[in-house]
Peer 1: 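My questions will all concern the structure given below.
None of these values were measured; they are calculated from a predicted model. All heavy atoms count here, side chains included; hydrogens, waters and symmetry mates do not.
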Amino acid sequence: MYVKKLQLKDFRNFAGATLTLSNGINVFEGRNAQGKTNLLEALYMTSVGKSMRTPRDKELIRWETDRAYVRTEVEKRGGSESVEVVLDRSVGKCVSVNSLPLTRLGELMGTVLTVLFSPEEIKIVKESPSERRRFADIALSQLSKSYFYRLNRYNRTLSQRNKLLKSVRPDLAALEIWDMQLAEAGAGIVKSRRGFLARLQPIAGRVHSFLTDSSESLALAYEGAGGTEIPEIKENLLKSLALTRESDLKTGFTHVGPHKDDIGVKANGIDLRTFGSQGQQRTAALSLQLSLLELMSDFTGDKPVLLLDDVMSELDEVRRRRLLELITPYQTIITCTELPELDGREDVKRFRVVAGTLS
């Protein structure tokens, strides 16, 4: 799969733009604060239905205008498809695929496959478990609409359970019902995440070994309810909910479940989440994102689009060179101030970005 065309109107600082992209490497060059990342954000919006930088859609609409418009055209193994997103200050967000409006955002998932890496993505390894869960959930949602809907159902159930816990006199019989529903939805999430990591592990290991010149061995592990099949996982979740019920009632918060799980990331047996250097954490985060390229390709038969937002300046010369070797089979869109390593390459298309205009 590759993106053929990206169109914008009144999106962020772009009054209007139409880009015809190469199916190789596309580079958006320019000084900081000119709008390079806005272009990636627009493409990402047509992939997962939301920005990677803000949960507030109105922030994406250009100042003193009422509507923003983004359209992406992609060429896939099964033919051409298009995604349109309209953001309106009054009406809200409308997403269409092949000119047909979607009633549920989950129907968008998998239409435009993307993998995003930016300096912020070091959070995957460095910061809280929520960042690692987000990494897995975004990837799984693109690969499986049913996972997206299951995750939404779990979050709604969790919200209702927490609301009951916060009430003045919680109904314990009602709490039992919410526990059953939470465990049922949660078991499917845990099983999917475990399967995802099992498939990702060997790929991530190979990528990390390549990036570190075989000096580090990367290992991933899911940290959550035990069990391999849904009935067993569900039973373990129910036991955990029963054990933490008293503390849940005291605090008004659910302490166990997929919303609290984590992904262990180790290199040579060292837990990078706690003891890794910033360089190790950055390389491990890059390995995780790059391994998604191969996993998504194997799973769907279509190659995803790689979005690299100002990451080259974060990497040393060796890792930049190795990264450029790995991305050759995939359409890649890079933002940077400059990238001399690509000078003279015929598979590179360059765009200059200045104050929301392209050349």
Side-chain angles (χ1 to χ4, degrees), residues 44-45 47-50 52 55 83 93 95 97 102-116 124 128-165 174-201 220-242 244 248 253-264 288 292 295-296 298-300 302 304:
Y44 190 78
M45 169 72 73
S47 175
V48 300
K50 61 182 180 180
M52 72 280 197
V83 175
K93 176 165 57 187
V95 181
V97 174
L102 302 182
T103 56
R104 297 193 299 176
L105 188 59
E107 297 305 305
L108 172 66
M109 299 302 163
T111 306
V112 181
L113 290 171
T114 57
V115 173
L116 168 71
I124 295 172
S128 70
S130 63
E131 296 295 335
R132 291 178 285 281
R133 292 193 300 269
R134 183 180 64 88
F135 161 76
D137 289 341
I138 290 175
L140 277 165
S141 293
Q142 290 195 76
L143 294 172
S144 169
K145 292 181 175 66
S146 63
Y147 182 86
F148 177 82
Y149 292 127
R150 188 182 301 120
L151 184 63
N152 282 347
R153 184 167 68 252
Y154 178 87
N155 288 331
R156 288 195 302 269
T157 305
L158 177 65
S159 178
Q160 290 298 320
R161 187 180 192 271
N162 286 341
K163 184 178 180 180
L164 179 60
L165 291 171
L175 191 58
E176 291 277 359
I177 296 172
W178 287 120
D179 285 1
M180 289 295 294
Q181 294 186 19
L182 197 68
E184 184 174 352
I189 291 170
V190 171
K191 180 176 172 58
S192 293
R193 286 177 180 171
R194 285 192 190 280
F196 167 74
L197 283 180
R199 297 185 67 169
L200 193 70
Q201 166 67 70
L220 309 175
Y222 190 73
E223 299 173 356
T228 56
E229 298 302 324
I230 286 180
E232 184 183 6
I233 299 170
K234 179 181 176 180
E235 186 63 29
N236 287 328
L237 283 171
L238 284 171
K239 289 178 182 177
S240 296
L241 288 168
T244 58
D248 288 355
F253 179 79
T254 304
H255 288 79
V256 295
H259 65 290
K260 300 294 289 182
D261 291 350
D262 200 357
I263 297 172
L288 289 175
L292 286 180
L295 186 147
M296 286 184 169
D298 292 344
F299 193 88
T300 66
D302 273 313

Peer 1: Report yes if the side chains of Ile189 and Leu151 come closer than 4.5 Å at any heavy-atom pair, otherwise no.
Peer 2: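 SC-SC contact between Ile189 and Leu151 confirmed.
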Peer 1: What pair of heavy atoms forms the shortest contact from His255 to Lys260, and how long is it?
Peer 2: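 So the two residues come closest at O-CG, 3.4 Å.
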Peer 1: Is NZ or CZ of Arg104 both nearer than 6.0 Å to the six-membered ring centre of Tyr149 and within 45° of the ring axis?
Peer 2: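 Geometry flag: set, cation within 6.0 Å and 45°.
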Peer 1: If you measure from CD on Glu131 to CD1 on Ile263, what distance do you get to the nearest 0.5 Å?
Peer 2: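 The distance works out to 11.5 Å.
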Peer 1: Please check if atom NZ in Lys93 has more than 12 non-hydrogen atoms from other residues, nucleotides or ligands closer than 6.0 Å.
Peer 2: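 Above 12, so yes.
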Peer 1: Is Asp262 salt-bridged to Arg132, going by a charged N under 4.0 Å from an acidic O?
Peer 2: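 Salt bridge flag = yes for Arg132 with Asp262.
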Peer 1: In Å and rounded to the nearest 0.5 Å, what is the OG1 to CD distance from Thr114 to Gln142?
Peer 2: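 Between Thr114 OG1 and Gln142 CD, I get 4.5 Å after rounding to 0.5 Å.
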Peer 1: Check salt bridge (charged side-chain N to carboxylate O under 4.0 Å, His left out) between Arg193 and all other residues, then give those that pass, not counting sequence neighbours.
Peer 2: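 In terms of salt bridge (charged side-chain N to carboxylate O under 4.0 Å, His left out), with neighbours along the sequence ignored, Arg193 is linked to Asp137.
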Peer 1: Any chance you could measure Leu165, atom CG, to Thr254, atom OG1, to the nearest 0.5 Å?
Peer 2: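 That separation rounds to 5.0 Å.
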Peer 1: Is Arg161 reaching over with its side chain to a backbone N or O of Asp179, donor-acceptor style, under 3.5 angstrom?
Peer 2: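 Not at all, since once roles are kept as given, no pair shorter than 3.5 Å links the two residues.
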Peer 1: Checking side chain to side chain contact (heavy atoms under 4.5 Å, CB included) for the pair Val48/Leu108: CA distance, chi angles, key distance, verdict?
Peer 2: CA-CA 7 Å; Val48 300; Leu108 172 66; 5.9 Å; no
Peer 1: Under 4.5 Å between any side-chain heavy atoms of Leu158 and Asn162, yes or no?
Peer 2: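 Yes, their side chains come closer than 4.5 Å.
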Peer 1: Parallel, tilted or perpendicular: which describes the rings of Tyr154 and His259, with under 30° parallel and over 60° perpendicular?
Peer 2: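 Rings of Tyr154 and His259: tilted, 30 to 60°.
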Peer 1: Measure from the side-chain N and O atoms of Asp261 to the backbone N and O of Arg133, and report whether any donor-acceptor pair falls under 3.5 Å.
Peer 2: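 Checking the backbone N and O of Arg133 against the side chain of Asp261, no donor-acceptor pair under 3.5 Å is found.
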Peer 1: Please report the closest heavy-atom contact between Gln201 and Leu220, naming both atoms and the distance.
Peer 2: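 Looks like OE1-N, 2.6 Å.
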Peer 1: Using side-chain contact (heavy atoms from CB on, under 4.5 Å) as the criterion, point out the one residue from Val112, Ile138, Leu113, Val115 that pairs with Ser47.
Peer 2: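 By the side-chain contact (heavy atoms from CB on, under 4.5 Å) criterion, Ser47 pairs with just one of Val112, Ile138, Leu113, Val115: Val112.
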